[in-house]
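Here's the structure, in structure tokens; my notes come after.
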Amino acid sequence: MFDVAIIGGGIIGCAVAYKLSMYDLKICVIEKENDVALGATRANSAIIHAGFDPEPGTLMARLNVEGTRQTPELCRRLGVHYKNTGSLVLAFGEEDTETVNRLYDRGVKNGVPGRRVLDGRQARELEPGISDTVTGALYAPSSGIVNPWEYAIAMAEVAALNGCVFSLETEVSSISCENGTWLLSCGDRQIRAKYVVNAAGVNSDLIHNMVAEPSFRTLPSKGQYWLMDKSEGKITSRTLFRCPTKAGKGVLVSPTVHGNLIVGPDASPGSRERVNTESDRLEYVKATALESVPGINFRNAIRTFAGIRANTDRDDFIIGIAAPNFIDLGGIKSPGLSAAPAIADEAIRLLLDCGAELEKKENPVTDREHVVFKDQTDEKKRELIRKNPLYGRVICRCETVTEAEIVQALRSPVPARTVDGVKRRANAGMGRCQGGFCGPRVLEIICRETGMNPLGVLKDKAGSYILYGQTKEADNV
Ligand SMILES: Cc1cc2nc3c(=O)[nH]c(=O)nc-3n(C[C@H](O)[C@H](O)[C@H](O)COP(=O)(O)OP(=O)(O)OC[C@H]3O[C@@H](n4cnc5c(N)ncnc54)[C@H](O)[C@@H]3O)c2cc1C
């Protein structure tokens, strides 16, 4: 039996697992997919928001600002790519100027450090790529950018080193309570736990309804993006927002931690699972982004993708005790990525309220050791190759990812088992060719390291087979 079962291995479940793993507890993360960070956590804008957007006094406002404060140090400890870039909310005319002023006031109330209102000229001095039609901007220096799935995986890896169990491909389908213990039914498996944390993203309402009366409903909202080649990555050094509307924060243009440019998202009603892109929505995103930054060359797009927001019929995050010893971390829409470490603290506080006894471990692992070859100095690179010649074999030429880093991904405490799992841990396939060259070599290394049959290797989620053909066994039949 576990002390705490966390349902959902997105950034929220992984942050809770990371922070709880510092205590003497038996913890498991139950995730329905074949890897962590496969929900909203892998398809978002990757911005660590300053915190001027949420309504003052809400959980969202408080946890956003606190999460953003914690993120840089946490990323440093975990070896996660993070950059403090700052951001501008662009105004195009009088109505937007009023919004910018309102956001400034909210920033004051929410405790956002260093924010400033700029006129159009000052904004263009900071970011020469923005349109001549920009009349002003709200500048927020504390905002940043991060690699969201790397962040979640890093926290999962440290939690696993501290003994947290990751039960992947395990979908919670019903929950009951037996003598004060929660019984989670996952297909033909049953998992028992004293406390449960519901971090199931868009499905957090469904999980809540398994133990309590319905009190909120997910209204999934799809956001679609363009990802541009590094040739476009320097067109802005800060995140450029439009003024937010009821539908969301609008189409942004931002550098990524890997030096690419991300453009999006729009907002349209979606389903819980479907992440297809649509050409008319992408055209809308493109046209809106070009109003902000006219020089973006969309011929340099390398990928389009979509993510699903866990919007609900409530405006705030839904964080609370749903039933005895059962905690909801529901409706974690944007700025959930920014707020993640603070939401995890909130979960721990609620567990204490439920009566959980939390004793600190004596020497828990808190930091992650993770080598990114191309980030090293020449001297360090030579040393790495001397110690392990696999660092001398570049597998992904676009991103300069070595064989040693791919092996590291496959031997991680939460190991990659798919080609995209390797991509999320080692960055192989993230470049201009999007895995066209390195994909087959990654597949070979997966088979060599794990003993898997090549026909069984997946690109991504369940069913995404890469190779088709007859196996030897089938030939013998
Ligand atoms: C388009 C878009 C843009 C965004 N931009 C930003 C941004 O720039 N900055 C920011 O701070 N936030 C942003 N967000 C919000 C942020 O991405 C989310 O708040 C965050 O990723 C939520 O994490 P999560 O762990 O709650 O959800 P998820 O990452 O979706 O994780 C939930 C997990 O639960 C699993 N699960 C579901 N049901 C079950 C079940 N029955 N059994 C087992 N497992 C289950 C899922 O498979 C999934 O892995 C954005 C979101 C979107 C969609």
Side-chain angles (χ1 to χ4, degrees), residues 5-17 28-51 53-54 60 63-64 67-68 71 87 143-146 148-149 151-152 155-156 167-175 184-187 191 197-210 218 220-225 239 241 248-252 254 256 262 264-268 270 272-273 275 285 305-311 317-319 328-344 461-462:
I6 301 164
I7 306 173
I11 188 76
I12 301 303
C14 292
V16 175
C28 72
V29 172
I30 306 170
E31 169 53 57
K32 72 181 168 68
E33 303 295 347
N34 59 16
D35 200 355
V36 295
L38 284 186
T41 297
R42 76 157 166 189
N44 56 63
S45 308
I47 312 301
I48 299 301
H49 292 289
D53 202 48
M60 232 182 223
L63 300 176
N64 181 169
T68 295
T71 303
S87 65
S143 126
I145 53 177
V146 74
W149 54 85
Y151 191 14
M155 289 198 276
S167 185
L168 303 176
E169 296 179 296
T170 309
E171 179 165 359
V172 176
S173 50
S174 67
I175 304 176
L184 287 78
S185 300
C186 316
I191 295 174
V197 177
N198 167 15
V202 285
N203 290 345
S204 53
D205 59 338
L206 305 181
I207 297 291
H208 168 98
N209 296 350
M210 292 178 193
T218 300
S221 161
K222 185 159 72 174
Q224 304 187 31
Y225 293 90
T239 301
F241 295 105
K249 297 185 183 72
V251 173
L252 61 79
S254 178
T256 72
I262 187 169
D266 69 329
S268 62
R272 289 174 195 260
E273 298 280 343
V275 287
V285 169
F305 67 94
I308 307 292
R309 301 176 183 88
N311 289 1
F317 292 152
I318 297 152
I319 296 181
D328 276 340
L329 305 177
I332 309 294
K333 52 192 169 181
S334 184
L337 175 66
S338 319
I343 293 175
K461 287 189 180 181

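As the structure is a computational prediction, the values presented were derived from the model and not from experiment. No hydrogens, no waters, no symmetry mates; every other heavy atom, side chains included, goes into these values. When a ligand or atom number is given, it counts from 1 through the structure's own listing order.
- Between Ile262 and Asn44, the shortest heavy-atom distance links the atoms CD1-O, 3.8 Å.
- Of all the heavy atoms in Cys14 and Val36, the pair that sits closest is SG-CB, 4.1 Å.
- Residues Ser254 and Thr239 bring a donor and an acceptor atom of their side chains to less than 3.5 Å of each other.
- Scanning both residues, Thr41 and Ile11, for their nearest heavy atoms gives OG1-N, 2.9 Å.
- With sequence neighbours excluded, the residues satisfying ring pair (Phe, Tyr, Trp, His ring centres under 6.0 Å) with Phe241 are His49.
- The shortest distance between side-chain heavy atoms of Lys32 and Asn203 falls below 4.5 Å.
- Contact residues for ligand 1 (protein heavy atom closer than 4.0 angstrom to any ligand atom): Ile7, Gly8, Gly9, Gly10, Ile11, Ile12, Ile30, Glu31, Lys32, Glu33, Gly39, Ala40, Thr41, Ala43, Asn44, Ser45, Ala46, Ile47, His49, Thr170, Glu171, Val172, Ala199, Ala200, Gly201, Asn203, Ile207, Tyr225, Gly307, Ile308, Arg309, Ile332, Lys333, Ser334, Pro335, Gly336, Leu337, Ser338.
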